[in-house]
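Every chain is numbered from 1, with letters handed out A, B, ... down the list of sequences.
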Amino acid sequence: MPELPEVETTRRGIEPHVIGKRVQDVVVRQGALRWPVPAQLPDLLRGTRILGTARRGKYLLLQTPRGHLLIHLGMSGSLRIVSAADPVRKHDHVDIRLQGGAILRFHDPRRFGCLLWLTEPPDTHPLLAELGPEPLSEAFDAAYLLECASGRKAPIKQFIMDSHIVVGVGNIYANEALFAAGIAPQRAAGKVSAARQEALVAEIKAVLARAIEVGGTTLRDFVGGDGKPGYFAQSLQVYGRGGEPCVACGVTLKEIRIGQRSTVFCPKCQR
DNA sequence: AGTGCGGCCTGTCCGC
DNA sequence: TGCGGACAGGCCGCAC
């Protein structure tokens with residue numbers, strides 16, 4: 001499940017290998033992703049040069065003079081640099097072959113990811129235009145969250161996972177940040193005190209920044225490695241620990257479902 | 001406008 | 001041991 005830190009780690013991992021490179025060819029083995037891979041994608045990319053990479057939320061962008069390739073890794077996607085000698089495995093859906101022999105390979109067993117071609121400025125594309133601020137930017141602060149949350153009845157956990165409010169807070173980090181901020185996940189967003197919202201903003205930033213740092217240490221794995229995500233390396237306080245004791249107080253962690261998502265919290269530490 | 005939920009997929013795990 | 005079924009999950013897009 002690539003969350004924002006893993007997407008950023010992926011971006012940093014592939015960038016030095018793709019920047020300035022010309023696309024030799026594109027091979028689409030399986031185009032039925034969340035949305036169909038544009039049939040013209042090989043023609044659109046062939047011969048063009050990749051100018052750079054960018055990330056918006058969990059979306060990756062490859063910039064070219066002709067347009068942008070928008071990539072989402074969905075739940076099970078990965079993007080790695082391989083060589084022509086690397087055998088094609090099951091679920092290796094798209095290869096972008098670059099000048100010099102390197103291949104940018106998109107792998108996604110569940111096919112919740114996507115590759116789309118944008119000719120308009122990315123910020124104006126429907127998938128990106130309505131997104132909230134980046135969690136690690138200054139635009140995401142306590143005053144902003146407080147204003148957004150005012151009067152909202154949705155559970156705070158669902159609220160911070162809403163990409164229109166803030167991007168990149170997936171289920172794992174929502175659980176972790178709420179625990180760290182001492183907020184019960186089912187509490188209505190509008191009923192979380194200003195002080196706790198401030199703590200929540202700080203914890204979201206902290207947990208994401210820490211995971212990106214950890215991801216950075218696994219960057220070498222992006223070339224020829226297995227592409228294992230770095231963020232699993234970080235110890236999780238609540239996620240996946242339902243029924244086990246709270247690391248802070250020892251009370252049994254509760255597991256419930258909020259918005260069809262598994263939610264773990266400490267009934268004593270989180271109010 | 002805000003909220004709730006169905007659907008897309010396949011690997012993994014559980015119980016029989 | 002093999003097999004079917006439940007489950008996991010990001011996020012769009014629709015219905016209310």
Side-chain angles (χ1 to χ4, degrees), chain A residues 1-11 28-38 55-61 70-79 88-94 106-116 118 122 124-135 145-178 185-192 204 207-208 211 226-229 231-232 236 238-243 255-264:
Chain A
M1 308 141 249
E3 298 236 18
L4 185 144
E6 192 182 349
V7 177
E8 177 61 19
T9 298
T10 295
R11 190 193 67 75
V28 179
R29 296 185 197 85
Q30 170 59 275
L33 305 183
R34 189 184 208 296
W35 295 288
V37 175
R55 180 187 57 75
R56 181 72 176 97
K58 296 182 190 171
Y59 291 94
L60 279 169
L61 287 158
L70 181 72
I71 303 173
H72 198 289
L73 301 178
M75 291 209 27
S76 57
S78 64
L79 211 46
V88 172
R89 296 169 305 165
K90 205 178 174 185
H91 308 305
D92 283 343
H93 303 315
V94 180
F106 178 83
H107 175 92
D108 185 10
R110 294 186 196 174
R111 289 194 268 137
F112 278 17
C114 67
L115 276 80
L116 296 175
L118 315 188
T124 68
H125 188 274
L127 289 173
L128 305 181
E130 308 299 325
L131 293 179
E134 288 289 326
L145 191 65
L146 204 55
E147 193 192 327
C148 290
S150 169
R152 298 287 290 263
K153 293 173 188 163
I156 185 70
K157 173 156 178 276
Q158 249 179 302
F159 186 72
I160 58 170
M161 289 178 67
D162 181 346
S163 62
H164 300 103
I165 304 301
V166 58
V167 297
V169 181
N171 195 39
I172 294 174
Y173 293 127
N175 279 297
E176 295 297 314
L178 286 165
Q186 65 273 46
R187 176 177 286 272
K191 301 252 180 185
V192 176
I204 288 172
V207 76
L208 291 175
D226 57 11
K228 277 211 177 98
Y231 73 105
F232 276 126
L236 300 171
V238 286
Y239 183 80
R241 297 196 59 240
E255 180 150 10
I256 60 172
R257 297 190 71 77
I258 293 179
Q260 297 153 297
R261 299 284 178 280
S262 124
T263 302
V264 186

*Figure out the CE/P separation between A:Met161 and B:dC5, and round it to whole Å.*
15 Å
_Quiz item: A:Arg34 side-chain donor-acceptor pair to C:dC11 base, under 3.5 Å_ = yes
*Rounded to whole angstrom units, what separation is found between the CD1 atom of A:Ile258 and the P atom of B:dT3?*
14 Å
*Between A:His72 and C:dC11, is there a side-chain N or O to OP1/OP2 distance below 4.0 Å?*
yes
*Does a nitrogen or oxygen in the side chain of A:Trp35 sit under 4.0 Å from OP1 or OP2 of C:dG10?*
no
*B:dT10 C1' sits how many Å from A:His107 NE2, rounded?*
11 Å
*When only distance counts, do a donor and an acceptor, one from the side chain of A:Arg261 and one from the base of C:dA8, lie under 3.5 Å apart?*
no
*N or O in side chain of A:Arg111 less than 4.0 angstrom from B:dT10 OP1/OP2*: yes
_Could you check whether any side-chain N or O of A:Thr10 sits under 3.5 Å from a backbone N or O of A:Leu79, counting only pairs where one atom can act as donor and the other as acceptor?_
no
*Could you state the atom-to-atom distance from NZ of A:Lys90 to P of B:dT10 in whole Å?*
8 Å
*From the options C:dG13, C:dA8, C:dG10, select the nucleotide whose nearest atom is closest to the side chain of A:Arg257.*
C:dA8
_Between P of B:dG11 and CG of A:Asp108, the distance in whole Å_ = 11 Å
*Length of the line joining A:Arg56:CZ and C:dG10:P, which is rounded to integer Å*: 18 Å
*asked:* Can you tell me which nucleotide in B:dT3, C:dG10, C:dC12 comes closest to the side chain of A:Arg152?
replied: B:dT3
*asked:* Going by purine N1 to pyrimidine N3 plus the second Watson-Crick contact, or the G-U wobble pair, all under 3.5 Å, which nucleotide sits opposite C:dA6?
replied: B:dT12
*Contact under 4.0 Å: A:Lys153 side-chain N or O vs B:dG2 OP1/OP2*: no
*Does A:Tyr59 make a side-chain N or O approach to OP1 or OP2 of C:dC12 shorter than 4.0 Å?*
yes
*Hey, is A:Phe112 doing a stacking thing with C:dC11, by the 5.5 Å centroid and 30° angle criteria?*
no
*Find the distance between NZ (A:Lys58) and CG (A:Leu73) and round it off to the nearest 0.5 Å.*
10.0 Å
*How close or far is atom P of C:dC11 from atom CG of A:Leu33, stated in whole angstroms?*
15 Å
*Parallel, tilted or perpendicular: which fits the ring planes of A:His93 and A:Phe106, with parallel below 30° and perpendicular above 60°?*
tilted
*Out of C:dG9, B:dT10, B:dG4, which has the shortest distance to the side chain of A:His91?*
B:dT10
*Give the intermediate values and the outcome of salt bridge (charged side-chain N to carboxylate O under 4.0 Å, His left out) for residues A:Arg56 and A:Glu134.*
CA-CA 7 Å; A:Arg56 181 72 176 97; A:Glu134 288 289 326; 3.0 Å; yes
_Atom pair distance, as rounded to whole Å: CG in A:Asp162 and P in B:dG2_ = 10 Å
*For A:Pro5, does its backbone N or O pair with a side-chain atom of A:Glu3 as donor and acceptor, under 3.5 Å?*
no
*Hey, does A:Leu73 reach any base, or is it just sugar-phosphate, or nothing, if we go heavy atoms under 4.0 Å?*
nothing
_Nucleotide nearest A:Gln260 (side chain, heavy atoms from C-beta), chosen from C:dA8, B:dC5, C:dC12_ = B:dC5
*asked:* Can you identify which nucleotide, out of B:dT10, C:dG10, C:dC12, has its nearest atom closest to the A:Arg110 side chain?
replied: B:dT10
*Whichever of A:Gln158 and A:Ala32 has its nearest DNA chain B nucleotide further upstream toward 5'*: A:Gln158
*Output yes when a side-chain donor or acceptor of A:Glu176 lies under 3.5 Å from a complementary backbone atom of A:Tyr239, and no otherwise.*
yes
